[in-house]
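So you know, we letter chains A, B, ... as the sequences are listed, proteins then strands, and number each from 1.
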Amino acid sequence: MLATRGLTWRIGEVAIVDSVEIDLAPGEFLGVIGPNGAGKTSLFNLITGLRRPTEGQVTLDGRDISALPPHRRARLGLGRTFQASSVFGSLTVRENVRLAVQAHRGGSMKLWRRAAADREVAAAADTALDRVGLAHRGTALAGTLAHGEKRKLEIALLLAGEPTVMLLDEPMAGVSAEDVPELVQVIRSLTGDNGRSVLMVEHHMDVILELADRIAVMHHGALLACDTPETVMANPTVQEAYLGEEL
Amino acid sequence: MDAIILLTLTGLGLAALYFLVASGLSLVFGLADVLNFAHGLFLGVGAYATWWAAGNLPGAGADGLGFVVAVAFGVAAGTLMAVLVELVLIRPLYSRTIEQVLVTVGLSLAGVALLQATWGADARPFPRPEWTRQVTTILGAQVPNGGLLLIIAAVLVLAAILAFLQWTRYGLIIRAGVENREMVTALGIDVRKAFTLVFAIGGAAAALAGALGSVYFGTVSPQQGGSLLIFAFIVVVIGGMGSVVGSAYAAVAVGLLQQFVNYYGTSGLGDICVVALLAVVLLLRPQGIAGKAAIA
Amino acid sequence: MSQPVLTVDDLSVRIAGLHILQGVSFTVAPTGVTVLLGRNGVGKTTTLRAVVGLTPRNGEVDGTVRMGEQSLLDRPTHRLVRGGLGYVPEDRCVFAGLTVAENLRLAERRGSTPAYDRVFALFPELDRRSRQRAGSLSGGQQQMLAIGRVLLNDNRLLLVDEPTKGLAPKVVTEVAEVLERVAESVPVLLVEQNLAVVRRLARDAVVLAAGKVAWAGDAQELLSETALTRSLLGVGSAEAHDATPAAARKDGH
Amino acid sequence: MTEVKSPEVPAPPAAVPAELTGGRVSRLRPYLPLLVLVVAVILPYSTLHLPGIFEGALNSPGTLQLLAVCLVFGGLAAGYDLLFGRTGMLSFGHALYFAAGVYGTDILITRAGLPLWQAAPLAIVGGTILAGLIGAVALRTVGIAFAMVTLAFAQVGAILVARDFGGLTGGEEGLPLDVSGLPAGLVGVANTVNLYWLALAYLVVVVLVVHRVSGSPTGRVLAGLRDDERRIGVLGLDPYRFKLVAFTLAGGLAAAGGVVYCLIVGGASPHITSSELTLSLLVMVVLGGPGTRWGPVLGGILYMYLDHRLVSFGSSGAVEALPAFLSRPLSEPLFVLGTVFILAVYFFPGGLASLAPRLALLRDALRPGRRRED
Amino acid sequence: GSPQDTASGGGDSAAPVKVGLVYSQSGALASYGKQYIEGFRAGLDFATNGTNKVGDRAIEITEVDDAGDPAKAVSAAKDLIGKGNKIIAGSTASGVALQVAPIAAQNKVLFISGPAATDAVTGANKYTFRSGRQSYQDVVTAKSFIGDPTGKKVVVFAQDGAFGDANEAAVKEVIGGAGATVSAVRAPASATEFTPFASQIKSAKPDLLFVAWAGSTAPAMWQTLDQQGVLTSTTVVTGLDIRASWPTFGAAGTKISFLSHYFDGASDTEAAKAAKAKVPGGTLDLFHPDGFAAAQMVVRAAQEGGDDVDKMISALEGWSFEGVKGTMTIRAEDHALLQPMYQANLAGSGENFTATAQKALTGEETAPPVQAMKG
Ligand SMILES: Nc1ncnc2c1ncn2[C@@H]1O[C@H](COP(=O)(O)OP(=O)(O)OP(=O)(O)O)[C@@H](O)[C@H]1O
Ligand SMILES: Nc1ncnc2c1ncn2[C@@H]1O[C@H](COP(=O)(O)OP(=O)(O)OP(=O)(O)O)[C@@H](O)[C@H]1O
Ligand SMILES: [Mg+2]
Ligand SMILES: [Mg+2]
């Protein structure tokens, strides 16, 4: 599905992302871990087009998308969430999701149609909200949601776009322990069907271990290891660089 | 050759004037995050206060030390005005950026109208030392002393502002406060004082520009500030919001460009070139020459 | 027990018409870590911000908050902080345009010597990166800076909001250690989602639910009673969702 | 997106969803605008005299002329709000497209001798294309940079008009409209009422378009752009395209306003190319309430009303009787306008549109009291 | 009822004559407006022998401020016309005069333009007259400074825009037409630095420099011309503005030859004496004669025309009268107001300057060419 070849992003002399090669198979769930500042978010920005790489390519389904702007990549099925929640604060929760549905289905450039009249969009949005358990907050302004709720809303936005490759940047950050299993379920349910692949950065190791088929470890911008959870966890370098002392 | 030296030096004089106006604007704009449309009013207040002092204040006059006293009085008046504006009008609206801009728009309308109501719409002769009317011959070019005065003042103001921001604690507070006032407060610092200070500095710079600009023009009129403001805005934006050094570069670029194009091209082309320069700079480098956060 | 360092009594906060805190009362003991728990959106951050005087403009605060004898609510934030109330906000809030050194310099307070050794001993990274702009630090590095900034001064009470959010397990451990050591000398009111960290640090716990205090008491007691944790925190088994390296290790070996 | 907005700045208040307002009044509410429209249409039949508010009776030419100007600016402000309040783009050059409409019509009629029915559409199309071209360039920047690029282009427009290239614009003296080829119904004081109706029609069209567009799928995207442009891109929509559409549409509406204004005032003068006009558009929108349906309209009408009326207020006997330190400033319209505006920013944050919910609050606060009396 | 009500201009013989004055009470030209209205009041007093009446009919003046904005002026004019005013006067700014003139024609009311100097008012339409001078008359006066223009080199220094265009064109026509070579240096009205233009002028080495500059940047412009030695190297002619501006010429003032529309002491006519007695402060200034003449024309129109605008027009066309400046003649063909113009010098320093007339030119000598009536 998604592949990167020699992906590199430098600022001055420093390589923030250093010749990263990732292959994501259809339906695969790849966890990305790494110390803070390893370049995980930056890698996501390169893949989604928010940053231009200094070198290297990104391909999606064999097609080189390195030159495309973010919205074109999204239309090809690349969806993502942000490390710091980003939702449309002055719209209601429901409008947020409807916007995402509408963006996905096309027909956003209709100046003279009543948006509210599109029942299909509304229904799809409600389904997405239901799936993340935010249906009861539909009329709240998204800007007033608590952090955890915003995370869920972001996932709903992602769901609405029915992407084939999803990039999740620390979806569990700031989510209360109670809600973690629920979110894990939601994320799992996204991936099971129709061969959707996921790339997820997460520091909650148990979540990674629960979901990921393979784990990629980043360190100083480079890929330290990319293998099954068992192998990665046993890797002494990984333990030293990332996991650290037992608490 | 003469012409080029003359144009360069007078262009630098013009640049100095733009910089004096833009420096205060840039500080307040970049640091307090207020697009201050009332800056032209501060300019007017400084100019009129100097004018008034020269005629009425004991010890002040049009020449020598008296003139220095008059200018000092004008700068003090501009500073006071800016501080009052910050305390009364801007501070209660803190974090409502758009409203702050709007208040300054309202203030510029009302304030200039007030100047006009008080002293009339017409230009009045501005008291100034005789030597500012003379010229100095530099390499065969007759350079107006008023312009040289502006250049010296601009260099001093630039140095003073940079030193303040870089080496004082208040400078640090101001730079941090621009990003996140709340967090500065949460570190135990009364950020409001810092912003009042920014306005005070902005007001002082504006008033100085008003006074020296009037020396240069020979007159003072209510609209003077407003007409300089648009070029000052352009300078601030080309230079990069909040970057005083950027403003200095931009002022020199704008001043020289205007001067040379007006001489070698057709009239009015100078202004259009400046505007074009702005558009080009912004399209190539939207953050301006010196970028947003870089202060020095 | 000795006098509490912070007394929150019947604290009520409304923001934009929403009644978020509805009469919250608790105390913070003069030593050790008191942890504030509760689900997302229950109002933990709101509580801390109300204490330190940072409720947004469209909010109203009622009730009393006292530090010792002093009432806090009607005093401006900067006074409170100068009076020894340190605050580490939820989303770090480092000054992106300033260098690390400048961020730290800003936190120095008049009349006291800044404890740079303490900070650099804990976070040598900050010393190494002192000339880097804080905005280009990674999330974890920024969090270190945010905590380091507060530790520069001696405080009477620290308010810390989710310090381990988004940190790598290794750093989580480090931060927990730091807080543990800090708590030896200064009382800390901590908001934390990571139950492993809570278990390690907390002496007292206050659980918020539906805008009120649902439970308050000994933290270890709360965590050891599976029934209690389940009903209050909604966690099936206290272990299950700890984001601890320990949990990870189990699979690793 | 506007950088001017810091995160704490509340975004322009979104219209209150209908389901949130209750009570009897709300059932009548959808019809209220219609009622106001009917009143506005038949207003010229009234001989009512409102002393102090208008110089003459409602149907006197002076009053109708003033109202017509106010209505055009109401529409103009509503169109500008499509950019500022609804998409979050702070343009400082909107006056340019208005001026393009005014000067376009005037030049095509007066200099090129075209009939109105050709000149008007040409001016509107021209203004729209101009907005599209300039937008295509300016939208490569965001925030304050965008504001300044638009300001710069508008400044070029102002310079070109002032320089009187080819004697087309009349420079600082302006260009009176040659009315000999106009329909008789639009000429002469006796026909001011038609101009009034024309202005009203313009306002209705703008409100309709803005309302329709902001309720459309595109409008939803624009609202999203206002909050987070990067997010829109990641959803698969090209922010640039949508902003360009909004910019061009708003420019076209402004150009149409220019056509109407040209007919009402009977000419063009360089005042309308000044950046102060854009600034006052911003003032109007904020005075009314950005992002709301009626706020900008009311703001535009009120601002223009004050702008015109204050002039005669300043020279009225009541003011002249005051001591000099009061009467002098009061006779400067801009002083009063500026002061009123500052007070408005303080006391009606959220603009006039926020008054309605506030009044409702007041009413609710009073109601239990009344019940107790019962 | 009718959708709009327009007062019919009362034919009652005792009803007052309604005159609307639309001029700048505020805004940039407020001081011109003030002189105009003072002159108008004095003129009304003079022309009606202190009665303010024409026959039995009182003259009822309505003053409206246009703040220099044509849109406001048009609104005001429509309002006044709607209320039955048959005579509109005022227009301090050229832009206002040009926009109000067509309104007058469309509604068939008399319009007497005020200080607005634009040539385009002359011959604008048959309803439009002027009570002040026009740019062309300035230029003809300027020409009188160089004697025989044949073979001389003349440079016009003017600001961009219609005012500058008009002056440049007039100089080319008047002085160029008489045999001089005329070139122009133009500068943006907003310019703040004049050295490039001064250098251009100096290198052109003209025999006569004609400067047409209005606005607040004028003093800086003069200082630069002086500093770069332009004023001493050639004869420099420009228009003398209002008294208050004289000190702003500074040292340059005494080196310039002025053409003047009017200044206190330029004439000693009956009307001037009456005006001096009536005007607050007792000193006449640039635009007092315009207001004074406007009042004289209003009284004449009301006297001869009653409520009939066509009769008013024929009463004014070709009319000669004694105004403040001397004999004024309304040329029938295009309503140009032929009037004396002056050559003047400034003397003094600091705040105190006095103007003295060097020469007066008659209305005939300064007459602009006849325009075809446009509407
Ligand atoms: N615009 C930038 N300029 C300079 N350095 C940058 C920039 N953006 C990122 N960096 C640096 O790149 C490195 C990687 O940052 P990134 O945000 O990708 O880390 P991360 O792996 O997502 O960390 P975390 O887990 O803390 O979120 C960090 O050291 C950061 O300081
Ligand atoms: N500025 C605001 N306007 C409106 N509602 C707000 C605002 N700030 C917070 N809230 C609401 O207050 C409630 C409590 O928020 P708070 O941030 O205190 O929760 P929290 O317990 O810290 O959650 P989390 O664990 O996600 O950080 C939430 O429902 C949120 O929607
Ligand atoms: Mg990251
Ligand atoms: Mg929180």
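In this structure, the portions of A:R98 lying under 4.5 Å from any heavy atom of chain D include both its backbone and its side chain. When heavy atoms are compared at a cutoff of 4.5 Å, A:S86 approaches chain D by way of both its backbone and its side chain. Only the backbone of A:L78 comes within less than 4.5 Å of a heavy atom of chain D; no side-chain atom from C-beta onward does. Of the two parts of D:V245, only the side chain, counted from C-beta on, holds a non-hydrogen atom closer than 4.5 Å to a non-hydrogen atom of chain A. Both the backbone and the side chain of A:L99 come within contact range of chain D, judged by heavy atoms closer than 4.5 Å.
For the set A:G89, A:G161, A:A142, A:A160, the count of heavy-atom pairs under 4.5 angstrom toward chain D peaks at A:G89. Top candidate by heavy-atom pairs under 4.5 Å with chain D, chosen from A:H104, A:R114, A:Q102, A:R75, is A:Q102. The greatest number of non-hydrogen atom pairs below 4.5 Å with chain D, out of A:T48, A:V87, A:L50, A:L158, is found for A:L50. The residue among D:G219, D:G233, D:P239, D:S214 with the most heavy atom pairs within less than 4.5 Å of chain A is D:G233. Counting heavy-atom pairs under 4.5 Å between each of A:E95, A:R73, A:R72 and chain D puts A:E95 at the top.
Ring geometry for D:Y97 against D:H94 counts as perpendicular: the plane angle is over 60°, on a 0 to 90° scale with 30° as the lower cut.
The cationic atom of A:R80 (NZ for Lys, CZ for Arg) lies less than 6.0 Å from the six-membered ring centre of A:F82 and within 45° of the ring axis. A cation-pi contact, defined as under 6.0 Å to the ring centre and within 45° of the axis, is absent between A:R196 and A:F29.
With hydrogens and angles disregarded, no donor-acceptor distance shorter than 3.5 Å links the side chain of D:R140 to the backbone of D:Y240.
Between D:D81 and D:R86 there is a salt bridge, since at least one side-chain N of the basic residue sits less than 4.0 Å from a carboxylate O of the acidic one. Under a 4.0 Å N-O distance rule, the pair A:R10/A:E55 qualifies as a salt bridge.
Remark: A:R151 CZ to A:L168 CG distance equals 9.5 Å, nearest 0.5 Å.
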